[in-house]
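Bear in mind the structure is a predicted one, so any value in this text is a computation, not a measurement. When a ligand or atom number is given, it counts from 1 through the structure's own listing order.
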Amino acid sequence: MTAVPIAISTSPPRAVRAAHTAAADEREMPVVGPLVDRYGRVHDDLRLSVTDRCNLRCVYCMPNEGMTFLPRAEILTFEEIVRVAAVARALGIRSVRLTGGEPLVRRGICDLVGRIAALGFDDLSMTTNGILLAPIAEGLAAAGLDRVNVSCDSLRADRFAAIRRRGELDVVLDAMAAAESAGLAPLKVNVVLLRGRNDDEILDFAAFARDTGRIVRFIEYMPLDADGAWDRDQLVPGQEVVDRIAASWPLEAVQQPDDPAPADRYRFSDGKGEIGVISTVTEPFCGTCNRLRLTADGAIRNCLFSDAEHPVRDLLRAGGTDEELAMVLRRAVWGKLPGHGINEPGFLRPRRSMSMIGG
Ligand code: SAM
């Protein structure tokens with residue numbers, strides 16, 4: 001299933017956006033067939049956040065101290081997560097990514113992976129910081145996980161420590177090797193670039209991609225940090241990354257224009273590996289967005305940057321039917337706005353930050 005590309009021009013301020021969302025004409029919403037929004041985008045990718053907790057405190061994500069986490073009773077149980085995943089599967093969701101917070105801090109994660117894998121998705125992956133990955137990689141693969149994305153923002157130990165504030169680079173590099181040995185491949189490496197902090201490592205990461213065969217994806221810093229310190233001057237545009245790498249090693253785009261994947265992919269012209277850039281801010285890809293999210297406390301979100309949430313937890317706990325759950329998912333998708341609006345004058349950052357939504 002492919003999303004239908006649409007042209008995105010402007011996006012109104014939040015107040016107007018909210019009213020617009022509320023006014024979304026549900027009478028025209030399809031109640032059979034795939035999850036589709038009012039702009040023809042078919043949704044077949046679900047991000048499941050299994051916890052809002054994390055064992056790191058990356059500068060672009062969480063404060064060093066004082067982060068408030070959800071009470072355990074508010075977090076969905078495995079049964080509840082699997083139930084939503086099963087309903088989503090029936091509605092045409094093909095790929096699932098487990099995330100958080102840090103998904104590996106959730107106790108029993110292999111059990112959850114096994115239960116979700118049993119639902120029969122085409123692709124089951126996880127985004128992790130890698131700190132707890134090495135000892136559990138075999139177990140995750142045996143449970144049915146297909147692949148992992150490992151976040152790693154520096155290849156220098158001291159800088160890794162400064163950006164991520166906890167954990168060690170060597171542990172993460174060992175985890176990448178362990179994941180590959182376990183068959184969790186292709187392995188992608190997520191790098192959030194911050195101007196003046198790690199953008200001098202762009203070529204080092206490109207060389208790393210060429211040497212290891214791992215797909216390094218450079219992510220633009222988004223206004224989703226819990227500190228609210230984001231500003232545009234700190235992000236490194238994806239195009240700049242491509243230009244800087246191509247000046248050393250020629251690159252060829254490998255992306256189809258209507259590919260819903262967030263990364264623009266490039267292969268090295270000499271055949272030695274691949275990189276990607278995720279230019280969420282400077283080159284939004286909302287027109288082909290096919291993703292929806294379930295937060296750890298049971299809200300469906302149709303966009304990282306929208307505050308509109310469609311809760312399912314109370315419905316799950318009150319004995320709601322699969323049909324009722326399906327309607328919540330349909331409404332969440334139907335109400336999706338054409339674009340995230342970050343570049344519009346009235347943009348307000350969402351109330352929940354990245355780790356609370358599930359990145
Ligand atoms: N804990 C896991 C990890 O570190 O990969 C999964 C959750 S984390 C929220 C998912 C991804 O979001 C990571 O690659 C992380 O670097 C990225 N991320 C977090 N905050 C971000 C921000 N403000 N802008 C861009 N990417 C961000």
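Here the straight-line distance linking atom SG of Cys54 with atom CZ of Phe69 works out to 7.5 Å at 0.5 Å rounding. In this structure, Asn198 CG and Phe160 CZ are separated by 11.5 Å, a value rounded to the nearest 0.5 Å. Between Asp45 atom CG and Arg97 atom CZ the span is 7.5 Å, to the nearest 0.5 Å.
In this structure, atom 12 (O) of ligand 1 lies nearest to the protein heavy atom Met354 CE, 3.7 Å. Shortest contact from atom 26 (N) of ligand 1 to any protein heavy atom: Val192 CG2, 3.5 Å. The nearest protein atom to atom 14 (O) of ligand 1, hydrogens excluded, is given as Ser151 OG, 2.8 Å; this is a heavy-atom distance. If you check which protein heavy atom lies closest to atom 25 (C) of ligand 1, you get Glu220 O, 3.5 Å. Looking from atom 24 (N) of ligand 1 to the surrounding protein, the closest heavy atom is Met222 N, 2.9 Å. The protein heavy atom nearest to atom 2 (C) of ligand 1 is Glu102 OE1, 3.3 Å.
Salt bridge status for Glu274 with Arg267: absent, with no side-chain N to carboxylate O gap under 4.0 Å. A salt bridge does not link Arg330 with Glu26: every distance from a Lys NZ or Arg NE/NH1/NH2 to an Asp or Glu carboxylate oxygen is 4.0 Å or more. A salt bridge links Asp322 to Arg83: at least one charged side-chain nitrogen sits closer than 4.0 Å to a carboxylate oxygen. Of the charged side-chain nitrogens involved, none lies within less than 4.0 Å of a carboxylate oxygen, so that Arg352 and Asp307 do not count as a salt-bridged pair.
Taking each of Ser49, Cys58, Gly101 in turn, the one with a heavy atom nearest to atom 1 (N) of ligand 1 proves to be Gly101. For the residues Cys152, Gly130, Gly100, the heavy atom positioned nearest atom 8 (S) of ligand 1 is part of Gly100.
Remark: distances from the non-hydrogen atoms of Arg53 to ligand 1 are all 4.0 Å or more.
At a heavy-atom distance under 4.0 Å, only backbone atoms of Thr128 (N, CA, C or O) approach ligand 1. Of all the heavy atoms of Met356, none lies under 4.0 Å from any atom of ligand 1, so neither backbone nor side chain is involved. If you look at Asn129 next to ligand 1, the close heavy atoms, those under 4.0 Å, come from the backbone and the side chain alike. Contacts of Thr127 with ligand 1, taken as heavy-atom pairs under 4.0 Å, involve both backbone and side chain.
Residue Ile219 places no N or O, backbone or side chain, under 3.5 Å from any N or O of ligand 1. At least one N or O atom of Tyr60, backbone or side chain, sits closer than 3.5 Å to an N or O atom of ligand 1. For ligand 1, the polar-atom distance check finds no N/O of Tyr221 at less than 3.5 Å from any of the ligand's N/O atoms.
In this structure, Leu169 and Arg159 have side chains that are not in contact, with every pair of non-hydrogen atoms separated by 4.5 Å or more. In this structure, the side chains of Leu292 and Arg47 stay at 4.5 Å or more apart for every pair of heavy atoms. Side-chain atoms of Ser154 and Glu201, non-hydrogen and from C-beta on, do get closer than 4.5 Å to each other.
Judged purely by atom type and a 3.5 angstrom limit, Arg291 uses its side chain to pair as donor or acceptor with the backbone of Pro260.
Counting atoms of ligand 1 from 1 in the listed order, those under 4.0 Å from a heavy atom of Asn190 are 14 (O). The ligand atoms of ligand 1 that sit less than 4.0 angstrom from a heavy atom of Arg164 are 4 (O). Those atoms of ligand 1 with a heavy atom of Thr99 less than 4.0 angstrom away are 6 (C), 7 (C).
The salt bridge (Lys or Arg N to Asp or Glu O under 4.0 Å) search around Arg57 returns none, not counting sequence neighbours.
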